[in-house]
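Below you'll find the structure, written out as C-alpha coordinates, and then a few comments.
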Amino acid sequence: MMLYALVIVFVLALTLCALLNLISLPGNWVLAGLAGLWAVAGPGAATADMGTLFFVALFGLAAAGEVVEYAAQIWGAKKYGSSGRATVAGMIGTILGAIAGSPFLFGLGALFGALAGAWLGAFTAERLLDGRPASQAAHAANGALVGRFLGMVVKFGLGITMVVLTAAAIWPGRI
(Lines give C-alpha, C1' and ligand atoms only; values in the text may rest on other atoms or scores of the structure.)
Protein backbone atom coordinates (compact mmCIF):
# COMPACT_ATOMS: atom_id res chain seq x y z
CA MET A 1 0.00 0.00 0.00
CA MET A 2 2.84 2.39 0.84
CA LEU A 3 4.48 1.69 -2.52
CA TYR A 4 1.29 2.70 -4.35
CA ALA A 5 1.16 5.97 -2.41
CA LEU A 6 4.80 6.68 -3.18
CA VAL A 7 4.31 5.99 -6.89
CA ILE A 8 1.20 8.20 -7.03
CA VAL A 9 3.04 11.10 -5.36
CA PHE A 10 5.96 10.61 -7.76
CA VAL A 11 3.69 10.59 -10.82
CA LEU A 12 2.03 13.79 -9.58
CA ALA A 13 5.48 15.36 -9.23
CA LEU A 14 6.30 14.30 -12.81
CA THR A 15 3.05 15.87 -13.98
CA LEU A 16 4.05 19.14 -12.32
CA CYS A 17 7.34 18.89 -14.21
CA ALA A 18 5.44 18.57 -17.48
CA LEU A 19 3.44 21.67 -16.53
CA LEU A 20 6.70 23.60 -16.17
CA ASN A 21 6.92 23.53 -19.97
CA LEU A 22 3.97 25.91 -20.12
CA ILE A 23 5.90 28.56 -18.23
CA SER A 24 8.98 28.19 -20.41
CA LEU A 25 11.01 26.12 -17.96
CA PRO A 26 12.77 22.88 -18.97
CA GLY A 27 10.17 20.60 -17.41
CA ASN A 28 10.84 17.62 -19.67
CA TRP A 29 14.52 17.57 -18.69
CA VAL A 30 13.63 17.77 -14.99
CA LEU A 31 11.12 14.96 -15.55
CA ALA A 32 13.74 12.78 -17.24
CA GLY A 33 16.20 13.51 -14.44
CA LEU A 34 13.68 12.56 -11.77
CA ALA A 35 12.93 9.33 -13.62
CA GLY A 36 16.65 8.58 -13.59
CA LEU A 37 16.78 9.30 -9.88
CA TRP A 38 13.86 6.90 -9.33
CA ALA A 39 15.68 4.20 -11.30
CA VAL A 40 18.75 4.61 -9.12
CA ALA A 41 17.19 5.28 -5.71
CA GLY A 42 13.53 4.24 -6.03
CA PRO A 43 12.00 1.12 -4.53
CA GLY A 44 13.54 -1.97 -6.16
CA ALA A 45 10.19 -3.56 -6.99
CA ALA A 46 9.18 -0.67 -9.20
CA THR A 47 12.33 -0.11 -11.26
CA ALA A 48 12.38 -3.28 -13.39
CA ASP A 49 11.07 -1.67 -16.60
CA MET A 50 13.45 1.31 -16.61
CA GLY A 51 16.28 0.03 -18.77
CA THR A 52 18.56 1.70 -21.26
CA LEU A 53 15.96 1.75 -24.03
CA PHE A 54 13.48 3.42 -21.68
CA PHE A 55 15.91 6.26 -20.96
CA VAL A 56 16.92 6.62 -24.60
CA ALA A 57 13.22 7.11 -25.38
CA LEU A 58 12.70 9.51 -22.46
CA PHE A 59 15.69 11.70 -23.27
CA GLY A 60 14.83 11.51 -26.98
CA LEU A 61 11.35 12.86 -26.23
CA ALA A 62 12.84 15.65 -24.12
CA ALA A 63 15.23 16.60 -26.93
CA ALA A 64 12.44 16.42 -29.51
CA GLY A 65 10.39 18.77 -27.34
CA GLU A 66 13.13 21.40 -27.42
CA VAL A 67 13.63 21.08 -31.17
CA VAL A 68 9.90 21.23 -31.92
CA GLU A 69 9.36 24.19 -29.59
CA TYR A 70 11.83 26.38 -31.46
CA ALA A 71 11.23 24.92 -34.91
CA ALA A 72 7.52 25.67 -34.58
CA GLN A 73 8.22 29.31 -33.79
CA ILE A 74 10.56 29.57 -36.77
CA TRP A 75 7.98 27.85 -38.98
CA GLY A 76 5.17 30.13 -37.82
CA ALA A 77 7.22 33.27 -38.29
CA LYS A 78 8.37 32.26 -41.77
CA LYS A 79 4.86 31.15 -42.80
CA TYR A 80 3.53 34.58 -41.91
CA GLY A 81 6.33 36.35 -43.78
CA SER A 82 8.77 37.24 -41.01
CA SER A 83 12.36 38.10 -41.83
CA GLY A 84 15.24 36.12 -40.39
CA ARG A 85 16.19 38.96 -38.03
CA ALA A 86 12.62 39.27 -36.79
CA THR A 87 12.46 35.51 -36.22
CA VAL A 88 15.57 35.66 -34.04
CA ALA A 89 14.20 38.75 -32.27
CA GLY A 90 10.98 36.83 -31.59
CA MET A 91 12.97 34.01 -29.99
CA ILE A 92 14.89 36.47 -27.83
CA GLY A 93 11.60 38.18 -26.99
CA THR A 94 10.18 34.83 -25.91
CA ILE A 95 12.94 34.35 -23.36
CA LEU A 96 12.79 37.93 -22.08
CA GLY A 97 8.99 37.86 -21.94
CA ALA A 98 8.96 34.63 -19.97
CA ILE A 99 11.41 36.08 -17.47
CA ALA A 100 9.49 39.35 -17.18
CA GLY A 101 6.15 37.59 -16.81
CA SER A 102 7.22 34.92 -14.35
CA PRO A 103 6.46 36.88 -11.14
CA PHE A 104 2.83 37.34 -12.16
CA LEU A 105 -0.15 34.99 -11.76
CA PHE A 106 1.82 32.56 -9.58
CA GLY A 107 4.29 31.84 -12.38
CA LEU A 108 1.69 31.54 -15.15
CA GLY A 109 2.65 35.02 -16.24
CA ALA A 110 5.68 33.42 -17.87
CA LEU A 111 3.35 31.69 -20.34
CA PHE A 112 1.73 34.95 -21.36
CA GLY A 113 5.08 36.75 -21.22
CA ALA A 114 6.66 34.23 -23.58
CA LEU A 115 3.83 34.59 -26.07
CA ALA A 116 3.79 38.38 -25.82
CA GLY A 117 7.59 38.47 -26.05
CA ALA A 118 7.55 36.41 -29.24
CA TRP A 119 5.06 38.82 -30.77
CA LEU A 120 6.77 42.00 -29.54
CA GLY A 121 10.24 40.83 -30.52
CA ALA A 122 9.18 39.97 -34.06
CA PHE A 123 7.02 43.09 -34.45
CA THR A 124 9.76 45.42 -33.20
CA ALA A 125 12.40 43.89 -35.47
CA GLU A 126 10.09 44.03 -38.49
CA ARG A 127 9.36 47.70 -37.83
CA LEU A 128 12.77 48.97 -36.72
CA LEU A 129 15.26 46.72 -38.49
CA ASP A 130 13.37 45.93 -41.69
CA GLY A 131 11.24 49.09 -41.95
CA ARG A 132 8.02 47.25 -42.72
CA PRO A 133 4.64 48.93 -42.25
CA ALA A 134 2.82 48.21 -38.99
CA SER A 135 0.21 45.96 -40.64
CA GLN A 136 2.86 43.74 -42.28
CA ALA A 137 4.96 43.69 -39.12
CA ALA A 138 1.91 42.68 -37.07
CA HIS A 139 1.09 39.91 -39.53
CA ALA A 140 4.64 38.54 -39.31
CA ALA A 141 4.57 38.86 -35.51
CA ASN A 142 1.33 36.89 -35.41
CA GLY A 143 3.23 34.03 -37.03
CA ALA A 144 5.86 34.10 -34.28
CA LEU A 145 3.09 34.01 -31.68
CA VAL A 146 1.21 31.16 -33.37
CA GLY A 147 4.42 29.17 -33.81
CA ARG A 148 5.47 29.71 -30.19
CA PHE A 149 2.05 28.59 -28.95
CA LEU A 150 2.10 25.51 -31.17
CA GLY A 151 5.61 24.65 -29.99
CA MET A 152 4.60 24.99 -26.33
CA VAL A 153 1.58 22.75 -26.82
CA VAL A 154 3.60 20.04 -28.59
CA LYS A 155 6.37 20.18 -25.97
CA PHE A 156 3.78 19.89 -23.20
CA GLY A 157 2.20 16.93 -24.99
CA LEU A 158 5.58 15.22 -25.20
CA GLY A 159 6.00 15.85 -21.48
CA ILE A 160 2.68 14.17 -20.72
CA THR A 161 3.79 11.24 -22.90
CA MET A 162 6.93 11.01 -20.78
CA VAL A 163 4.81 10.98 -17.60
CA VAL A 164 2.64 8.15 -18.96
CA LEU A 165 5.67 6.09 -20.03
CA THR A 166 7.31 6.56 -16.65
CA ALA A 167 4.10 5.77 -14.75
CA ALA A 168 3.70 2.57 -16.77
CA ALA A 169 7.31 1.60 -16.02
CA ILE A 170 7.17 2.18 -12.26
CA TRP A 171 3.60 1.20 -11.43
CA PRO A 172 3.52 -1.78 -9.05
CA GLY A 173 2.18 -4.80 -10.90
CA ARG A 174 2.62 -2.91 -14.23
CA ILE A 175 -0.13 -1.39 -16.30
Side-chain angles (χ1 to χ4, degrees), residues 4-43 46-79 87-88 90-119 121-122 143-172 174-175:
Y4 283 102
L6 186 59
V7 169
I8 288 169
V9 168
F10 186 69
V11 170
L12 289 173
L14 295 179
T15 304
L16 289 175
C17 290
L19 287 170
L20 290 176
N21 291 315
L22 297 178
I23 57 171
S24 298
L25 291 174
N28 290 349
W29 294 108
V30 175
L31 194 157
L34 285 176
L37 186 62
W38 181 276
V40 172
T47 58
D49 287 344
M50 298 177 83
T52 304
L53 186 58
F54 172 82
F55 283 104
V56 167
L58 215 58
F59 281 91
L61 287 169
E66 298 299 327
V67 170
V68 168
E69 183 178 31
Y70 288 101
Q73 184 171 349
I74 293 168
W75 169 82
K78 292 296 181 188
K79 182 168 177 59
T87 300
V88 171
M91 295 174 104
I92 293 168
T94 294
I95 295 166
L96 295 177
I99 292 168
S102 63
F104 302 103
L105 298 172
F106 305 104
L108 285 177
L111 167 66
F112 300 111
L115 295 172
W119 193 90
L145 177 112
V146 167
R148 167 54 51 181
F149 181 75
L150 177 64
M152 291 170 107
V153 168
V154 171
K155 185 177 177 183
F156 173 70
L158 290 172
I160 293 299
T161 301
M162 293 169 67
V163 170
V164 170
L165 289 173
T166 304
I170 68 172
W171 194 260
R174 309 297 180 266
I175 295 176

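Please read these numbers as outputs of a predicted model, since none were measured by experiment.
- Leu31 is listed as a side-chain neighbour of Val163, based on a closest heavy-atom distance under 4.5 Å.
- With rounding to the nearest 0.5 Å, the separation of CD1 in Ile92 from OG1 in Thr87 is 11.0 Å.
- Residues Met162 and Ala32 come closest through the heavy atom pair CE-CB, 4.0 Å.
- The two residues Phe54 and Ala169 have their closest heavy-atom pair at CE1-CB, 3.8 Å.
- In this structure, Thr94 and Ala118 approach most closely via the heavy-atom pair OG1-CB, 3.2 Å.
- Rounding to the nearest 0.5 Å gives a distance of 10.0 Å between CD1 of Ile170 and CD1 of Ile8.
- A distance of 10.0 Å separates CD1 of Ile74 from OH of Tyr70, quoted to the nearest 0.5 Å.
- Distance check: Asn28 CG to Leu14 CG gives 11.0 Å after rounding to the nearest 0.5 Å.
- Leu34 has its side chain out of reach of Thr166: every pair of non-hydrogen atoms, C-beta onward, lies at least 4.5 Å apart.
- Taking every heavy atom of both residues into account, Leu115 and Leu145 meet most closely at O-CD1, 3.3 Å.
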May I have the step-by-step check of side chain to side chain contact (heavy atoms under 4.5 Å, CB included) for Val7 and Trp38, ending in yes or no? CA-CA 10 Å; Val7 169; Trp38 181 276; 3.9 Å; yes
When the side chains of residues 147-159 are checked against the rest of the protein, which donor-acceptor pairs come out under 3.5 Å, sequence neighbours left out?
from   : atom 1 : to    : atom 2 : distance (Å)
Arg148 : NE     : Gln73 : OE1    : 2.9
Arg148 : NH1    : Glu69 : OE2    : 2.8
Arg148 : NH2    : Gln73 : OE1    : 2.7
Lys155 : NZ     : Glu66 : OE1    : 3.4
Lys155 : NZ     : Glu66 : OE2    : 2.9
Lys155 : NZ     : Glu69 : OE1    : 3.0

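- Summarising the geometry, atom CG belonging to Leu165 is positioned 11.5 Å from atom CD1 belonging to Ile160; distances are rounded to the nearest 0.5 Å.
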Determine all donor-acceptor pairs shorter than 3.5 Å in which one atom belongs to a side chain in residues 98-106; sequence neighbours excluded.
from   : atom 1 : to    : atom 2 : distance (Å)
Ser102 : OG     : Ile99 : O      : 2.9

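- Pairing each heavy atom of Ile23 with each of Ala110, the nearest pair is O-CB, 3.5 Å.
- Closest non-hydrogen pair, Pro26 versus Asn21, comes out as C-OD1, 4.2 Å.
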